[in-house]
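Here is the structure we will look at, set down as structure tokens.
Throughout, a chain's letter reflects where its sequence line sits, starting with A, and its residues are numbered from 1.
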2 protein chains.
Amino acid sequence: MGERKRVTIKDIAREVGVSAHSVSLALNNQGRISEPVRKKILETADRMNYRPNILARGLVQGRTYLLGFICPAIHESFFASILSGVEEKCSRKGYDVILGNAFGRDIKTESDALSRILDRKVDGIIAAPDPRAYSVYEPLVSEGIPFVQIMTRIPGLNAPSLSVDNEYGGYIAARHLIELGHSNIGFINTDLPFYEEISQRYKGYTRALLSLEQSVNPQQLSVACENLIDIEQSKEAAKKLLMENRSISAVFAPTDHAAIGVVNACLELGKRVPEDISVIGFDDIDLAHYQIMRPLTTISQPKQEQGYLAFEMIEQLISGEKISDRIIKPELITRTTTAKFNK
Amino acid sequence: MGERKRVTIKDIAREVGVSAHSVSLALNNQGRISEPVRKKILETADRMNYRPNILARGLVQGRTYLLGFICPAIHESFFASILSGVEEKCSRKGYDVILGNAFGRDIKTESDALSRILDRKVDGIIAAPDPRAYSVYEPLVSEGIPFVQIMTRIPGLNAPSLSVDNEYGGYIAARHLIELGHSNIGFINTDLPFYEEISQRYKGYTRALLSLEQSVNPQQLSVACENLIDIEQSKEAAKKLLMENRSISAVFAPTDHAAIGVVNACLELGKRVPEDISVIGFDDIDLAHYQIMRPLTTISQPKQEQGYLAFEMIEQLISGEKISDRIIKPELITRTTTAKFNK
DNA sequence: TTGAAAGCGGTACCAA
DNA sequence: TTGGTACCGCTTTCAA
């Protein structure tokens with residue numbers, strides 16, 4: 001209704017008095033067309049306000065210039081920031097992103113999101129997959145659909161991944177605390193073994209602990225917490241840890257959400273942060289940065305940057321290049337929740 | 001490369017021994033086809049792992065089941081939450097969302113984002129537009145392209161809008177402070193007149209002030225701040241306000257970012273929140289909720305919910321219904337930054 | 001350099 | 001109920 005009929009390549013052809021093919025050539029700068037004709041076509045197209053129909057082009061070329069982006073929680077600023085980076089690059093290169101949200105790490109939802117995206121014949125897919133979703137993503141690999149996994153990687157899946165160096169991140173987090181004089185450094189762990197990024201952070205943490213003069217047992221300094229994104233759960237876990245280990249003077253929480261839980265736990269236990277307990281997180285989400293009273297010391301993941309890189313990787317894959325994994329170095333961001341150990 | 005050729009409607013036709021047309025009918029449950037044939041076609045399609053090509057269908061039907069979503073900062077959890085709501089509904093109804101990020105309220109970027117989205121022949125557009133972008137969005141209206149504006153509305157533009165009742169929100173925010181005994185209630189204003197949502201909140205605030213026994217002059221209790229999303233700028237504005245008006249015992253900041261700035265200002269000025277100064281924000285973003293020490297009292301905007309509603313509105317528009325504006329009631333969320341006035 | 005025609009994968013219209 | 005055919009808007013192949 002009221003919708004203006006869009007001008008097509010044929011309209012221009014008729015107007016200029018050439019064939020549709022010539023118009024197509026001129027529009028795509030294919031060269032083999034005489035300059036005056038080309039110019040006239042371009043002018044007419046412009047005057048008539050021509051916009052190519054990407055669908056039609058996609059249908060014949062088998063390309064859509066569409067990318068799929070799948071993540072478990074787009075409302076989290078963490079994923080939204082990565083998406084923002086992807087989108088920015090896309091807009092520059094003529095791509096568009098379509099979104100698949102896999103609410104709350106439900107494999108079924110994730111699988112549905114992927115199906116929908118595949119039905120759109122996207123040129124490539126960037127996903128922060130559930131590590132258990134091997135069977136969901138495996139078909140992408142075997143069918144050769146460009147696919148980059150970010151954040152998490154699915155064990156055994158032969159698809160390039162982009163992530164921060166989690167082991168190193170865990171290491172510098174613990175090193176930071178050790179350099180402040182702490183030796184009894186707690187860790188909020190997960191009991192879900194498939195979250196490799198967490199176990200890598202744990203590994204870095206234990207490696208740093210090795211440099212301590214007196215040896216400590218990392219296992220005794222850890223608690224398990226089922227969901228490290230849940231502040232309440234992390235708080236409860238931290239309370240347990242702190243009450244059972246009175247000697248702990250610092251805690252490394254492998255996510256910022258967990259770190260916030262830890263600070264909350266300290267507060268409830270009447271311990272001051274950082275005077276009594278130092279706390280360091282991981283990710284550097286907005287929530288860590290914009291704490292009014294206690295901005296969190298944490299390990300940063302460059303999020304927008306990861307979006308850029310993910311786009312570049314998928315672009316290379318689309319153009320047929322072979323690429324390998326990319327690993328970004330995380331950085332220590334010292335803010336207010338860590339301080340020198342004072343016994 | 002290695003990409004399996006997708007099975008098309010013709011492959012199924014050949015396999016079953018019917019025409020492509022019959023396959024199309026069967027697949028779309030168009031009815032006028034005999035049950036056994038229908039069944040066989042469906043089975044074969046399933047067995048061959050058939051997936052329809054949405055592009056091809058869109059090309060002929062003139063529909064894409066694609067929606068455009070435009071906002072100024074997708075990395076903000078506020079917009080990301082709305083998007084999340086839109087996406088959830090979309091996934092249920094066979095739509096997909098493509099994203100247009102209009103970084104930092106730059107009209108040119110916004111206009112480009114819209115062009116890209118229009119080139120995709122989307123069925124409808126949901127946008128949180130810059131209020132100054134009249135000329136960018138006007139063509140949508142005159143060409144009858146389904147369009148819903150959320151959050152902000154462009155003055156004079158004849159397109160349905162969805163937003164919170166900002167005047168009412170401003171009113172209940174100020175009422176809350178008044179009920180706590182405050183009468184000198186400061187306001188962080190913007191000097192940019194086109195942000196109607198802010199001026200509406202201000203209007204609600206002044207209306208509430210009218211109920212005070214002794215009359216106060218709202219203008220004397222306001223400062224201008226250019227960017228109410230910028231915490232630093234808001235902090236500086238608040239410091240100025242607080243230093244020039246020693247009698248102020250409460251501040252209404254019309255965004256949560258500004259409210260965080262105000263709390264920071266209080267801290268720097270050696271004033272306690274909420275003992276010396278009560279602070280209330282607006283929006284209820286994650287940053288307000290997850291403050292460790294001082295979760296913010298604020299006025300909530302249901303974000304996910306707005307995503308749902310925006311989808312419903314655009315869906316109605318697409319199906320040709322006439323719809324009118326929708327206004328949601330915001331709610332007071334009392335947390336820790338407001339307290340009884342004690343002179 | 002240019003034009004005519006085929007075809008991408010579907011749907012819609014018509015006739016059988 | 002079914003099949004044939006045109007066509008959506010564009011690119012590609014082949015001839016001219």
Between A:Val86, A:Leu99, A:Leu83, A:Ile98, which is the residue that forms a side chain to side chain contact (heavy atoms under 4.5 Å, CB included) with B:Leu99?
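For B:Leu99, the side chain to side chain contact (heavy atoms under 4.5 Å, CB included) check succeeds only for A:Leu83.
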Sidechain N-carboxylate O distance under 4.0 Å for [X], [Y]:
| X | Y | value |
| --- | --- | --- |
| B:Glu110 | B:Arg132 | no |
| B:Lys40 | B:Glu43 | no |
| B:Arg116 | B:Asp119 | no |

For residues A:Val7 and A:Asn49, report the shortest heavy-atom separation together with the two atoms involved.
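Heavy atoms only, the tightest pair is CG1-O, 4.3 Å.
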Is A:Arg63 touching bases, backbone alone, or none of the nucleic acid, heavy atoms closer than 4.0 Å?
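Since no nucleic acid heavy atom lies under 4.0 Å of A:Arg63, the category is nothing.
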Does B:Val37 or B:Val60 map to a spot on DNA chain D nearer the 5' end, using the closest nucleotide for each?
B:Val37
Going through the distances and angles, do B:Leu55 and B:Thr64 end up as a side-chain contact (heavy atoms from CB on, under 4.5 Å)?
CA-CA 7 Å; B:Leu55 266 73; B:Thr64 54; over 6 Å; no
Considering only side-chain heavy atoms of A:Asn28, which listed nucleotide, D:dT2, D:dT11, C:dT11, is closest?
D:dT11
From C-beta outward on A:Gln61, which listed nucleotide comes closest to its side chain: C:dG10, C:dT11, D:dT11?
D:dT11
Near DNA chain D, which residues from residues 12-19 of chain B have a heavy atom under 4.0 Å away?
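Close to the strand are B:Val18, B:Ser19.
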In whole Å, what is the span from the [atom1] atom of [X] to the [atom2] atom of [N]?
| X | N | atom1 | atom2 | value |
| --- | --- | --- | --- | --- |
| A:Leu27 | D:dG9 | CG | C1' | 12 Å |
| B:Leu59 | C:dT11 | CG | C1' | 10 Å |
| B:Ile9 | C:dT11 | CD1 | C1' | 8 Å |
| B:Ile33 | C:dT11 | CD1 | P | 12 Å |
| B:Tyr65 | C:dT11 | OH | C1' | 12 Å |
| A:Leu25 | C:dT2 | CG | P | 9 Å |
| B:Asn53 | C:dG10 | CG | P | 5 Å |
| A:Lys40 | C:dT1 | NZ | P | 19 Å |

Considering just the side-chain nitrogens and oxygens of [X], establish if one lies under 4.0 Å of OP1 or OP2 belonging to [N].
| X | N | value |
| --- | --- | --- |
| A:Ser22 | C:dG3 | yes |
| B:Ser24 | C:dT11 | yes |
| B:Lys10 | C:dG7 | no |

Nucleotide N/O of nucleotides 14-16 of chain D paired with protein N/O under 3.5 Å:
none

Estimate the overall bend of the helix from C:dT1-D:dA16 to C:dA16-D:dT1 from the end axes over five pairs each, rounded to 10 degrees.
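Taking five pairs per end, the axes differ by 40°.
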Listed once per pair and sorted, the salt bridge (Lys or Arg N to Asp or Glu O under 4.0 Å) pairs that draw on residues 311-320 of chain A, sequence neighbours left out
A:Lys89-A:Glu312, A:Lys93-A:Glu315, A:Glu312-A:Arg326
Please list all pairs passing the salt bridge (Lys or Arg N to Asp or Glu O under 4.0 Å) test where one or both residues lie in residues 152-162 of chain B, with sequence neighbours left out.
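Every salt bridge (Lys or Arg N to Asp or Glu O under 4.0 Å) pair that includes a residue of residues 152-162 of chain B, provided the two are not neighbours, is B:Arg153-B:Asp325.
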Okay, side chain of A:Asp106, backbone of A:Phe103: is any donor-acceptor separation there less than 3.5 Å?
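Absent.
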Would you please say whether a donor-acceptor pair under 3.5 Å links the side chains of A:Glu88 and A:Tyr308?
yes
Would B:Ser22 and B:Ser19 count as having a side-chain donor-acceptor pair, cut-off 3.5 Å?
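Per modelled atom types, B:Ser22 and B:Ser19 side chains form a pair under 3.5 Å.
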Determine which pairs satisfy ring-ring contact (aromatic ring centres under 6.0 Å, His included) with at least one residue from residues 56-88 of chain A, sequence neighbours left out, and list them in order.
A:Tyr65-A:Tyr95
